[in-house]
There are 2 protein chains.
Amino acid sequence: MPAHRHGHEPLASLTRRLRGKNRRVTGPRQAILDLLRQQAHPQAIKQIHSALPPGECDLATVYRSIRILEQAGMVQRFDFGDGVARFELIGDGDDAHHHHLVCTQCDVVVEIDDCFPAQLEQKIARRNGFINLTHKLEFFGLCPSCQPA
Amino acid sequence: MPAHRHGHEPLASLTRRLRGKNRRVTGPRQAILDLLRQQAHPQAIKQIHSALPPGECDLATVYRSIRILEQAGMVQRFDFGDGVARFELIGDGDDAHHHHLVCTQCDVVVEIDDCFPAQLEQKIARRNGFINLTHKLEFFGLCPSCQPA
DNA sequence: ATCGCTGCAAAAATTTTGCAGGTAA
DNA sequence: TTACCTGCAAAATTTTTGCAGCGAT
């Protein structure tokens, strides 16, 4: 199983990590973590907020909490090019770096384990005099269900 | 010279293309096209607007024009992961598809000609039953000027 | 008992839309 | 002439911030 299939880290472990970062474990934060824990794919802020029980967590708190979690390295931001940021939990010890394949029609998301070839990335770095290269990479296409017969 | 170095297509050629798409050539549109023509790298809406002579073009018109140009296939949208969409002119007959290398400190941008290996992309498509794959790919790192001595 | 966190509300920032007049073709 | 386009202003979104009270530690 790929390292980023994080869905089974217990909530208790997540809150422990948060506490370890000198952050308080509160109701809204547990709710957000538990929600992300059960989602296989990146979630938008509004998705997170509306998936939570009404009154469980203010929208502003979702914004603030996601930022905290991102700074704590527990959540990763993804961009599918539609202007809406989406967030995914990073499992403890996971290699956070991975990519997605998104259906342009139905928006279904598949996690991808392939990555941009490291040696080619190195070559790009060297050629341009850059160091510490990383990249963002997302794939788009038509999923099986959306393909014309 | 890479196909996407579009900076030298004359304004007249651009307006001709626009007219060919059944769109009118107006003052604001010429101003935007001429600006993008002189920019080597993707520009944000606000950048475009504030770079134009005051009163030359309303902000709402920039939004509307960029959308028109995007629909006409004359402009390409890029996402550097900071939530701000940026737009770059597509030269006539250019292969629009390319990527960037962005300095995480000073935001300098370098255009990259390397691409994700086609055969690996094909493999990802096949493995997941997807067709018509494309991708978005941007690199980030520390440029020569921003590297510690 | 702290001091961080939350809800609520207001503000700020971003993007879209309605409309009446102007203009490219 | 006829649509398309524009500026202006208002509205709709999205995100951030101030503040007083609450609560995790």
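Just the heavy atoms: all of them, side chains too, but no hydrogens, waters or symmetry mates, feed the values below. Protein chains get the first letters and strands the later ones, always in sequence-line order, with residue 1 at the start of each.
Spacing between atom CG of B:Asp58 and atom P of C:dT14 amounts to 16 Å, rounded to whole angstrom units. Rounded to whole Å, atom P of D:dT14 lies 14 Å from atom CZ of A:Phe87. Separating the CD1 atom of A:Ile68 from the P atom of D:dT16 is a distance of 12 Å, rounded to the nearest angstrom. The CZ-P distance, from B:Arg86 to C:dT15, rounds to 11 Å in whole Å. We find that CG of A:Asn22 is positioned 13 Å from P of C:dC3, with the value rounded to whole Å. Atom pair B:Glu56:CD and D:dC8:C1' shows a separation of 17 Å (rounding to whole Å applied). Spacing between atom NE2 of B:His49 and atom P of C:dT14 amounts to 13 Å, rounded to whole angstrom units. Rounded to an integer number of Å, the gap from B:Glu70 CD to C:dT16 P is 11 Å.
Between B:Arg23 and D:dC5 there is a side-chain N or O to OP1 or OP2 distance below 4.0 Å. OP1 or OP2 of C:dT15 sits under 4.0 Å from a side-chain N or O of B:Tyr63. For the pair A:Thr26 and D:dA24, the criterion of a side-chain N or O lying under 4.0 Å from OP1 or OP2 is not met. In this model, the phosphate group of C:dA24 is not approached by any side-chain N or O of B:Arg19 to a distance below 4.0 Å at OP1 or OP2.
Along DNA chain D, the nucleotide closest to B:Ser65 and the one closest to B:Arg24 are compared, and the more 5′ of them pairs with B:Arg24. Ranked by how close their nearest DNA chain C nucleotide is to the 5' end, B:Ala85 and A:Pro28 are led by A:Pro28.
Closest approach to the A:Thr61 side chain among C:dA25, D:dT25, C:dG7 is made by C:dG7 (side chain taken as heavy atoms from C-beta onward). Nearest nucleotide to the side chain of A:Lys46, out of D:dT6, D:dT14, C:dA25: D:dT14. Closest to the side chain of A:Ala60, out of C:dC5, C:dA9, D:dC8, is C:dA9.
Of all heavy-atom pairs spanning B:Leu89 and B:Met74, the tightest one is CD1-O, 3.4 Å.
Ring to ring, B:His97 and B:His135 are close: their centroids are under 6.0 angstrom apart. Checked against the 6.0 Å centroid threshold, B:His100 and B:Phe139 do not count as a close aromatic pair.
Under the 4.5 Å side-chain criterion, counting only non-hydrogen atoms from C-beta, A:Glu138 is not in contact with A:Asp79.
Heavy atoms of A:Arg29 sit under 4.0 angstrom from primed sugar atoms or phosphate atoms, though from no base atom. Among the protein residues, A:Gln30 comes within range of no part of the nucleic acid, since none of its heavy atoms lies under 4.0 Å from any strand.
Ionic pairing of A:Arg77 and A:Glu88 is not present here: no N-O contact between side-chain nitrogen and carboxylate oxygen is shorter than 4.0 angstrom.
In terms of polar N and O atoms assigned as donor or acceptor, the side chain of A:Arg64 never comes within less than 3.5 Å of the base of C:dC5 in a complementary pairing.
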